[in-house]
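A short write-up of the structure that comes next.
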2 protein chains.
Amino acid sequence: MDSEAIKKCLEGSGLRCTPQRYAVMAFLIEHRGHPTAAEIFEGVNRVDPGCSRATTYNNLRDLVEAGLVREVAVEGRAARFDAKGTRHHHFICDRCGNVEDVEWYDVPGPASKSLGKRILRQSEVIFRGLCAKCAPRYATGSAGL
Amino acid sequence: MDSEAIKKCLEGSGLRCTPQRYAVMAFLIEHRGHPTAAEIFEGVNRVDPGCSRATTYNNLRDLVEAGLVREVAVEGRAARFDAKGTRHHHFICDRCGNVEDVEWYDVPGPASKSLGKRILRQSEVIFRGLCAKCAPRYATGSAGL
DNA sequence: TAATACTTTAGATTAAATCTAATCTGAGGC
DNA sequence: GCCTCAGATTAGATTTAATCTAAAGTATTA
């Protein structure tokens with residue numbers, strides 16, 4: 001995605017294209033490995049410092065609210081961020097906490113009676129287990145729900 | 001579940017049944033609304049103080065590791081805990097952060113080629129939207145992946 | 001009982017994220 | 001151009017969630 005496209009993408013969602021916001025968004029588009037906020041902060045400032053910690057968090061919040069970025073909470077670890085591109089599910093490694101994409105496929109929704117008065121906005125599947133890096137070393141028999 | 005059953009349940013998973021651990025487990029079985037660690041700490045000590053904050057966290061960790069309790073990470077909020085009973089999926093309210101159960105139904109796994117060398121241990125669906133309490137007040141058109 | 005392993009504790013500490021209040025920036029109106 | 005004001009950014013303090021530490025307590029086993 002070129003810089004003009006990123007600018008359009010931000011403005012199309014009602015966000016001003018500030019240098020800091022652009023940098024955060026561009027970083028996420030370029031680094032698709034689900035970085036944490038701390039990694040984004042560091043990465044964005046490595047080349048050209050100019051985006052404080054608070055601004056990194058503010059912009060991540062804005063991008064998530066605008067629907068351009070997805071936040072993935074991981075038990076016992078820092079949240080991870082993901083520029084929304086193609087639809088996909090997530091795989092979370094129980095050992096190292098890394099988040100990886102899993103090819104998208106449709107998931108049936110719950111029966112509407114089981115939803116009751118709730119309003120469903122989105123659904124995603126979280127797969128858990130051991131990532132390709134951890135599997136050879138740490139595999140044990142355990143499996144379950 | 002009576003006290004003897006809880007004891008059996010702990011010992012069956014290789015955990016000693018200490019008064020504190022019992023209290024945490026019993027609280028989770030009795031309070032099925034996915035409390036946070038802070039709520040569990042408070043609830044357990046309300047009647048009969050005797051389980052410190054660290055012990056509450058230690059025991060929650062042990063119970064999760066033993067597979068008796070599930071931890072649910074919620075973006076931007078404290079994690080929530082859930083005594084594993086019947087299988088179910090989760091619904092997370094975008095507004096208030098509450099976690100609720102959604103009737104279980106089978107979810108197809110990803111194609112094995114898309115898993116690669118990863119080892120899949122479990123899958124769950126996370127539904128997001130507005131809970132029955134928030135829906136009437138805060139509903140807007142927004143929907144999406 | 002002695003040895004050992006497991007558990008709990010208060011309080012300090014860490015890590016993640018947010019808040020505060022001051023400052024800066026830029027688009028629109030004059 | 002210059003004002004104005006909403007929006008954005010900042011450094012640093014603060015909050016919150018969770019963990020660590022080191023000492024003491026409690027079971028379990030031999």
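All values reported here derive from a predicted model rather than from experimental measurement. Numbers restart at 1 for each chain; the letters A, B, ... are given by sequence-line order, proteins then strands.
The phosphate of dT8(C) (OP1 or OP2) has a side-chain N or O of N59(B) nearer than 4.0 angstrom. Side-chain nitrogen and oxygen atoms of T55(A) include at least one within less than 4.0 Å of the OP1 or OP2 phosphate oxygen of dT10(D).
Here the P atom of nucleotide dT10(D) and the CG atom of N58(A) are 9 Å apart, to the nearest Å. Rounded to whole Å, the distance from CG on L63(B) to P on dA18(D) is 15 Å. Here dA5(C) presents its P atom at 18 Å from CG of L15(B), a figure rounded to the nearest Å. If you measure from atom CG of L60(B) to atom P of dA17(D), you get 14 Å, rounded to the nearest angstrom. Atom CG of L10(A) and atom C1' of dG7(D) are 15 Å apart (whole Å). Distance, R61(B) CZ to dA18(D) P: 13 Å, rounded to whole Å. Separating the OH atom of Y22(A) from the C1' atom of dA8(D) is a distance of 18 Å, rounded to the nearest angstrom. Put simply, CZ on F41(A) is 13 Å from C1' on dT9(D), counting in whole angstrom units.
No side-chain donor-acceptor contact under 3.5 Å links H89(B) to the backbone of E103(B). At least one donor-acceptor pair under 3.5 Å links the side chain of R118(B) to the backbone N or O of L115(B). Checking side-chain atoms of E42(B) against main-chain N and O of E39(B) turns up no donor-acceptor pair under 3.5 Å. For the pair N45(A) (side chain) and G50(A) (backbone), a donor-acceptor distance under 3.5 Å is present. For the pair R121(A) (side chain) and D94(B) (backbone), a donor-acceptor distance under 3.5 Å is absent. A donor-acceptor distance shorter than 3.5 angstrom exists from the side chain of H88(A) to the backbone of T86(A), with no hydrogens or angles considered.
When the nucleotides dT9(D), dA11(D), dT8(C) are ranked by their closest atom to the side chain of A54(A), dA11(D) comes out on top. Nearest to the side-chain atoms of Q20(B) among the listed nucleotides dT10(D), dT8(C), dA8(D) stands dT8(C).
The bend of the helix from dT1(C)-dA30(D) to dC30(C)-dG1(D), defined by the angle between the axes of its first five and last five pairs, stands at 20° to the nearest 10°.
Both tests do not hold together for R128(A) against F91(A): distance to the six-membered ring centre under 6.0 Å, angle to the ring axis within 45°.
Looking at V44(A) and T56(A), their side chains never come closer than 4.5 Å, going by heavy atoms from C-beta outward. Between I126(A) and S123(B), the closest side-chain pair of non-hydrogen atoms is not below 4.5 Å. Counting heavy atoms from C-beta on, the side chains of Y138(A) and I119(B) never come closer than 4.5 Å.
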Protein and nucleotides 12-17 of chain C: nitrogen or oxygen contacts under 3.5 angstrom:
from: dA17(C); atom 1: OP1; to: A79(A); atom 2: N; distance (Å): 3.2
from: dA17(C); atom 1: OP2; to: Y57(A); atom 2: OH; distance (Å): 3.0

Look for any protein N or O under 3.5 Å of an N or O in nucleotides 22-30 of chain D and output each such pair with its distance, or none.
none

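Residues E71(A) and R61(A) are not paired through a salt bridge, judged by the lack of any N-O separation under 4.0 Å between the basic side chain and the carboxylate.
Screening R87(A), R32(A), H34(A) for a side chain to side chain contact (heavy atoms under 4.5 Å, CB included) involving D101(A) leaves a single residue, H34(A).
Within 4.0 Å (heavy atoms only), R21(B) reaches sugar-phosphate atoms of the nucleic acid but no base atom. G14(A) comes within contact range of no nucleotide atom at all, as no heavy-atom separation falls under 4.0 Å.
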